[in-house]
Amino acid sequence: MIVVMNPGAQEKDINKITDKLKQMGYGVHLSTGENRTVIGVIGQRREEAAQAMEAMPEVEQVVFITRPFKLAGREFHPENTVISIGDQVTIGGVDLTVMAGPCAVENEEQLLQAAEAVKAGGAKILRAGAFKPRTSPYSFQGLEQEGLDFLNEVRTKTGLLIVTEVMDQFTVKEVAECADIIQVGARNMQNYYLLRELGKIRKPVLLKRGLSATIEEWLMAAEYILSGGNYEVILCERGIRTFEPYTRNTLDLSAVPLVKQLSHLPIIVDPSHGTGLAALVPAMSKAALAAGADGLMIEVHPNPQEALSDGPQSLTPGQFKDLTNELKGVALSVGKLI
Ligand code: PEP
Ligand code: MN
């Protein structure tokens, strides 16, 4: 349930209510809006607790959250969550946030070339995996710690922020030392041990939608992270598996406005994994922006034909620059800044 405080409630009133809830064995999460403070009550629903809250003069009303995702839902947090990283980047507000770069860190030179290309195209965040979840155990698995070291160097050289994937709960600490945003890949969306570990840290998490996850399962995965106390979760639609073989996945753009209705969390779109085909990336990027996405994650490689992973879906530096130019018109028409 959520407890809505009277408009103009003072800090002492809010403390009185949160203390009482804690005495009753509940966890609390405060959300301070422009006019009102709302207290998210975490724990089992109990009628007598709701009645006790309704009887408090400082409380305007008690609302039961009907959806299974409590902290991720808009019922609890009506305003959009805007995540700020440094003083350069916000995600979920008026800016269109572009994250771009190669699928994987392959070597220092490739990473630096990709970073310079995405920076020239206007991106402020470099994506690249050091730990790679591959379908085949015989495929390139990523440079792991060495890859993180290269990412650190490239951040220093270019000033770009870094988003990179973590694959299990045992490497959260080392990835968090490098990443500005920690990526949870589609294959790990329901790795609950990993999600719990990410709830304990204080860094934004980019949570990709699972290959065959429903929107509710995806929001429940976000709930794991939020309920641990990490409120900075960015959702990423990256396509779901359907019967259609021409594209690698089916990019579910209806998820964008739907998630916006259900949740306050920022949502970005990855048209590279969503389609698997570089030729489709520009059109689907524009469509994602028109659908209300807060940002894009796009694979860019200095030489896609030689990429160790996901070359067919990677844009060249020139194609990326053209795309970011083309996005400006769409951004203008939907009130986003790029
Ligand atoms: C990636 O971003 O390179 C990746 C592996 O994506 P996904 O988890 O969406 O397949
Ligand atoms: Mn990839």
Nearest 0.5 angstrom please: Ile215 CD1 to Leu258 CG, how far?
4.5 Å

Check whether any side-chain heavy atom of Leu160 sits under 4.5 Å from a side-chain heavy atom of Val118, and report yes or no.
yes

Can you name the residues that form a ring pair (Phe, Tyr, Trp, His ring centres under 6.0 Å) with Tyr224, not counting sequence neighbours?
Tyr192

So, His264 side chain and Leu71 main chain: donor-acceptor pair closer than 3.5 Å or not?
yes

Evaluate Asn249 against Arg209 for side-chain hydrogen bond (donor to acceptor under 3.5 Å, both in side chains), listing each step before the verdict.
CA-CA 12 Å; Asn249 291 291; Arg209 182 177 180 180; over 6 Å; no

State which residue, out of Ile83, Thr97, Val205, Ile91, fulfils the side-chain contact (heavy atoms from CB on, under 4.5 Å) condition with Ile181.
Ile91

Compare all side-chain heavy atoms of Asn191 with those of Tyr193 and state whether any distance is below 4.5 angstrom.
yes

His273 NE2 to Cys236 SG distance, which is reported to the nearest 0.5 Å
9.5 Å

Quick one: do Leu219 and Leu235 satisfy side chain to side chain contact (heavy atoms under 4.5 Å, CB included)? Show the steps, please.
CA-CA 9 Å; Leu219 291 173; Leu235 300 165; 3.7 Å; yes

How close do Pro317 and Ala117 get, heavy atom to heavy atom, and via which atoms?
CB-CB, 3.5 Å

Is a side-chain N or O of Trp218 found less than 3.5 angstrom from the main chain of Val259, in a donor-acceptor match?
no

Measuring only between side-chain heavy atoms, which start at C-beta, is Met24 closer than 4.5 Å to Met53?
yes

Where at least one partner belongs to residues 129-143, residue pairs that pass side-chain hydrogen bond (donor to acceptor under 3.5 Å, both in side chains), sequence neighbours excluded
none

Residue pair Gln313, Thr275: steps toward the side-chain hydrogen bond (donor to acceptor under 3.5 Å, both in side chains) verdict
CA-CA 8 Å; Gln313 67 193 37; Thr275 63; over 6 Å; no

Using a 4.5 Å cut-off on heavy atoms from C-beta on, say whether the side chain of Val89 contacts that of Ser84.
no

Using modelled atom types and a 3.5 Å cut-off, is there a donor and acceptor pairing between side-chain atoms of Glu144 and backbone atoms of Ala130?
no

Taken to the nearest 0.5 Å, the spacing of Ile240 CD1 from Leu211 CG works out to 10.0 Å

Does Val256 belong to the same Ile/Leu/Val/Met/Phe/Trp/Tyr cluster as Leu251, with side-chain heavy atoms less than 4.5 Å apart forming each link?
yes

Does the distance from a Lys or Arg side-chain N to an Asp or Glu carboxylate O, for Asp180 and Lys124, drop under 4.0 Å?
no

Can you name the closest pair of heavy atoms from Thr81 and Pro266 and give their distance?
O-CG, 3.6 Å

Linking I/L/V/M/F/W/Y whenever their side-chain heavy atoms sit closer than 4.5 Å, directly or via other members, would Leu126 and Ile182 fall into one cluster?
yes

For Gln110, does its backbone N or O pair with a side-chain atom of Asn107 as donor and acceptor, under 3.5 Å?
yes

Thr324 and Gly121: which non-hydrogen atoms are nearest, and at how many Å?
OG1-O, 2.9 Å

Considering all heavy atoms of both residues, which atom of Leu151 and which atom of Ala128 are nearest to each other, and what is their separation?
CD1-O, 3.9 Å

Tell me whether the count of non-hydrogen atoms from other residues, nucleotides or ligands lying under 6.0 Å of CD in Glu48 goes above 12.
yes

Quick one: which residue pairs count as a salt bridge (Lys or Arg N to Asp or Glu O under 4.0 Å) with a foot in residues 181-207, not counting sequence neighbours?
Glu197-Lys200

Return the NZ to CZ distance between Lys70 and Phe64, rounded to the nearest 0.5 Å.
10.0 Å

Can Arg36 and Glu60 be counted as an ion pair, charged N to O under 4.0 angstrom?
yes

Would you please test Glu146 and Glu108 for side chain to side chain contact (heavy atoms under 4.5 Å, CB included) and show each step?
CA-CA 10 Å; Glu146 190 186 20; Glu108 203 174 353; over 6 Å; no

Asp149 vs Gln145, side-chain hydrogen bond (donor to acceptor under 3.5 Å, both in side chains): CA-CA, chis, key distance, verdict
CA-CA 6 Å; Asp149 295 342; Gln145 184 58 52; 3.0 Å; yes

Side-chain contact, heavy-atom cut-off 4.5 Å: Leu277 with Pro312?
no

Atom of Ala278, atom of Pro282 and distance for their closest heavy-atom approach
O-CD, 3.3 Å

Do Ile201 and Val184 sit in one hydrophobic cluster, given that two such residues count as connected whenever their side-chain heavy atoms are within less than 4.5 Å of each other, even indirectly?
yes

With rounding to the nearest 0.5 angstrom, report the CG to CG distance, Asn230 to Leu198.
7.5 Å

How about CD on Gln10, more than 12 heavy atoms from neighbouring residues, nucleotides or ligands closer than 6.0 Å, or not?
no

Decide whether Val233 and Met189 are clustered together by the hydrophobic rule: side chain heavy atoms of Ile, Leu, Val, Met, Phe, Trp, Tyr closer than 4.5 Å, transitively.
yes

Could you check whether atom CZ of Phe140 has more than 12 heavy atoms from other residues, nucleotides or ligands sitting under 6.0 Å from it?
yes

Once you round to the nearest 0.5 Å, how far does CD1 of Ile268 lie from CD1 of Ile125?
8.0 Å

Note, Val98 side chain near Phe320 side chain (heavy atom, < 4.5 Å)
yes

Among pairs that include at least one residue of residues 263-288, which meet salt bridge (Lys or Arg N to Asp or Glu O under 4.0 Å), considering only residues two or more places apart or in two chains?
Lys208-Asp270, Lys286-Glu326

4.5 Å side-chain heavy-atom contact, Leu112 and Lys157:
yes

Shared hydrophobic cluster, Leu30 / Ile17 (ILVMFWY, side-chain heavy atoms < 4.5 Å):
yes

How would you list, by chain and number, every residue that makes a ring pair (Phe, Tyr, Trp, His ring centres under 6.0 Å) with Tyr231, sequence neighbours excluded?
His29

Check step by step if side chain to side chain contact (heavy atoms under 4.5 Å, CB included) holds for Arg67 and Leu262.
CA-CA 9 Å; Arg67 303 210 189 263; Leu262 295 172; 3.6 Å; yes

Closest non-hydrogen atom pair between Gln113 and Pro302, with its separation:
OE1-CB, 3.3 Å

All pairs passing salt bridge (Lys or Arg N to Asp or Glu O under 4.0 Å) where residues 288-297 contributes a residue, at least two apart
Lys260-Asp294, Asp294-Lys336

Got a sec: does the OH of Tyr246 have more than 12 other heavy atoms crowding it under 6.0 Å?
no

For Glu244, I'd like to know if atom CD has over 12 heavy atoms of other residues, nucleotides or ligands within 6.0 Å.
yes

With distance as the sole test, does Asn6 use its side chain to make a donor-acceptor pair with the main-chain N or O of Pro57 at under 3.5 Å?
yes

Test log, rule side chain to side chain contact (heavy atoms under 4.5 Å, CB included), inputs Leu207 and Leu195:
CA-CA 9 Å; Leu207 180 64; Leu195 300 178; 4.0 Å; yes

Residue pair Met5 / Ile39, side-chain heavy-atom distance below 4.5 Å:
yes

Can any side-chain N or O of Arg155 pair as donor or acceptor with the backbone N or O of Cys178 at less than 3.5 Å?
yes

